[in-house]
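Everything on this sheet refers to the single structure shown next.
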Amino acid sequence: MRMRARYELHYNRVTAKQTSLVRVDPERPDPSVVGRAADILRRGGLVAFPTETVYGLGANARDPDAVRKIFAAKERPTSDPLIVHVLDTEAARAVTAEWPETAQRLAAAFWPGPLTLVLPKHGDIPEIVTAGLDTVAVRVPSHPVARAILAAAGVPIAAPSANRFTELSPTRAEHVARALGGRVDLIVDAGPTPVGIESTVVDLRGPLPVVLRPGTISAPALAAVIGPLGAIAGGPSGDDTAPRRSPGMRERHYAPQAQVYLFDASTRDEAARLGRVRDAAGGTVGALLLSDIDSTVRHRIAMPDDPALYARALYAALHTLDERGCDLVLIELTPDTPAWTGIRDRLTRAARGGS
Ligand code: TXA
Ligand code: MG
């Protein structure tokens with residue numbers, strides 16, 4: 001016998017609204033919960049749900065008023081376009097105006113999965129989704145809960161990560177509830193997301209495909225399927241003055257509350273010194289470490305030395321250090337090889353600017 005789904009209410013004093021959060025089995029979500037999520041989406045509401053990468057904040061991509069609510073809930077500027085989630089390649093073709101051979105090959109190799117393709121958009125997709133661009137970012141997620149909701153809703157779902165603008169992406173429903181409780185209609189909780197960092201975004205418009213945002217599908221893995229890749233002006237995580245083709249990559253992103261100091265072998269002593277100084281001044285120091293560091297660090301988190309496991313653990317570790325009130329986080333840089341590129345990109349962004 002199936003247990004009745006239990007809805008927990010999160011009340012937000014500022015918005016004076018409630019959000020319900022409901023737990024489902026990540027492999028076999030309760031159809032009544034999936035049905036409720038689909039219903040909310042079809043009626044123009046907002047549902048936060050797990051994908052394999054991070055939790056997304058979804059709305060019906062064909063309903064501009066619904067999509068507008070995403071920007072309001074996240075406090076995200078409407079100049080930053082959203083990713084459209086669909087169930088399969090056929091549905092992806094329906095939101096795009098062109099489907100080149102490279103798209104077909106990448107879709108066959110990596111969908112469903114953490115890959116987003118940027119292509120000329122179909123005229124039916126509202127401007128608010130693509131921030132007025134003539135392209136659309138589309139992806140077919142593999143998470144069974146995301147897929148069940150897409151199938152039941154029967155519409156493409158526009159969904160950015162379910163965090164407030166510039167803050168850390170959520171890999172657990174608790175992260176979503178904390179950031180967006182009282183601002184969304186439903187949070188579907190299926191536990192931690194397995195990939196942990198956002199999808200690889202590839203632009204397929206130019207003569208050569210370009211990685212706009214590195215993720216867990218590496219450049220060599222892409223090149224093995226479609227041949228050589230082009231370079232983006234300034235590099236995917238390069239300086240902010242270079243012209244760039246992905247509006248959302250300009251800002252400081254994925255940032256914890258604390259100031260972040262990245263270190264490698266050559267700056268390990270300096271990191272240790274900064275930790276001691278901050279601790280002596282009454283600050284709270286945290287660290288994400290691959291080895292050890294001889295410093296005064298109250299909250300040490302040992303990170304896995306495997307890139308897939310590191311990606312899965314990264315945001316939850318940073319959320320934990322935020323909750324513990326760290327004001328300085330020392331992060332040991334990961335290796336500089338293709339398998340680590342997506343992770344190094346997020347670490348660099350977390351460190352940029354301080355807060
Ligand atoms: O893994 C993911 O991709 C997650 C899950 C929820 O699917 N979503 C996600 O969405 O990370 P978001 O909105 O946080 O990031 C989308 C990125 C942004 O950097 C945005 O600028 C870029 O994709 N993007 C979206 N549409 C684009 C377009 N038409 N051209 C170029 N870049 C685009
Ligand atoms: Mg995001």
Side-chain angles (χ1 to χ4, degrees), residues 46-59 61 67 70-71 73-86 95-97 110-122 125-143 145-147 149-150 156-171 175-176 179-180 188 193-206 209-217 232 236-237 243-255 311-312 315 342 345-346 349-350:
L46 298 184
V47 176
F49 61 94
T51 78
E52 69 277 23
T53 57
V54 300
Y55 276 76
L57 175 59
V67 173
I70 292 179
F71 290 94
K74 283 183 60 99
E75 298 171 36
R76 169 164 165 152
T78 51
S79 55
D80 191 354
L82 307 180
I83 294 175
V84 176
H85 297 67
V86 293
V95 302
T96 57
F110 299 111
W111 280 353
L115 177 69
T116 297
L117 302 180
V118 172
L119 287 158
K121 96 177 179 76
H122 191 281
I125 298 298
E127 298 236 310
I128 180 87
V129 173
T130 61
L133 298 176
D134 55 5
T135 56
V136 62
V138 63
R139 99 174 179 93
V140 173
S142 63
H143 197 294
V145 175
R147 299 189 61 74
I149 293 173
L150 278 166
I157 299 178
S161 49
N163 51 294
R164 300 223 195 146
F165 186 59
T166 77
E167 292 184 359
L168 284 174
S169 288
T171 54
H175 303 154
V176 181
L180 298 175
V188 181
T193 56
V195 173
I197 62 171
E198 301 82 353
S199 61
T200 303
V201 179
V202 181
D203 187 336
L204 293 179
R205 281 170 310 157
V210 170
V211 175
L212 297 181
R213 179 176 71 185
T216 53
I217 296 177
I232 184 175
S237 54
R244 181 168 301 267
R245 289 201 275 167
S246 191
M249 302 308 287
R250 237 176 275 124
E251 287 82 9
R252 172 173 175 257
H253 249 88
Y254 318 108
R312 188 180 297 168
Y315 289 146
D345 171 76
R346 302 310 187 278
R349 284 171 199 285

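Order of listing sets the numbers, starting from 1, for every ligand and every atom in it.
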Which ligand 1 atoms does [X] reach within 4.0 Å, using its non-hydrogen atoms?
X	answer
Arg76	12 (P), 13 (O), 14 (O)
Leu133	28 (C), 29 (N), 30 (N)
Ser161	8 (N), 9 (C), 10 (O), 12 (P), 14 (O)
Glu198	1 (O), 2 (C), 11 (O)
His85	5 (C), 6 (C), 7 (O)
Arg139	1 (O), 2 (C), 3 (O), 5 (C), 7 (O)
Leu82	25 (C), 26 (N)
Leu212	31 (C), 32 (N)

Donor-acceptor contact present, side-chain Arg312 to main-chain Gly196, <3.5 Å: no

Kindly say whether Pro81 contributes a backbone atom to a donor-acceptor pair with the side chain of Arg76 at under 3.5 angstrom? yes

Check each heavy atom of Lys74 against ligand 1 and say whether those closer than 4.0 Å belong to the side chain, the backbone, both or neither. neither

Which is it for Asp80 and ligand 1 at heavy atoms under 4.0 Å: side chain, backbone, both or neither? side chain

Selected option - heavy-atom contact closest to atom 23 (O) of ligand 1, from Ile83, Thr51, Leu115: Ile83

Check each of Thr53, Thr135, Val118 against atom 1 (O) of ligand 1 and report the one with the nearest heavy atom. Thr53

With a cut-off of 2.8 Å, does any N, O or S atom of Ser161 fall short of it relative to the Mg ion (ligand 2)? yes

Does ligand 1 have an atom under 4.0 Å from some heavy atom of [X]?
X	result
Glu52	no
Lys121	no
Thr130	no

Salt-bridge contact Glu198-Arg139 (side-chain N to carboxylate O under 4.0 Å): no

Can you check whether Leu180 reaches Arg164 side chain to side chain, under 4.5 Å on heavy atoms? yes

For Ser199, is at least one N or O under 3.5 Å away from an N or O on ligand 1? yes

Pick out which of Val136, Thr135, Val129 makes a side chain to side chain contact (heavy atoms under 4.5 Å, CB included) with Leu133. Thr135

Given the options Val118, Leu117, Leu119, Thr96 meets side chain to side chain contact (heavy atoms under 4.5 Å, CB included) only with Leu119

Gap between atom [atom2] of [Y] and atom [atom1] of [X] - 0.5 Å precision:
X	Y	atom1	atom2	value
Leu212	Asp203	CG	CG	5.0 Å
Ile157	Phe49	CD1	CZ	5.0 Å
Thr171	Ile197	OG1	CD1	11.5 Å

Can you tell me if CD on Glu75 sees more than 12 non-hydrogen neighbours from other groups inside 6.0 Å? yes

Assess the residue pair Thr116 and Ser199 against the criterion (side chain to side chain donor-acceptor pair (under 3.5 Å)); give the C-alpha distance rounded to whole Å, side-chain angles, the decisive distance to 0.1 Å, and a yes or no. CA-CA 6 Å; Thr116 297; Ser199 61; 2.8 Å; yes

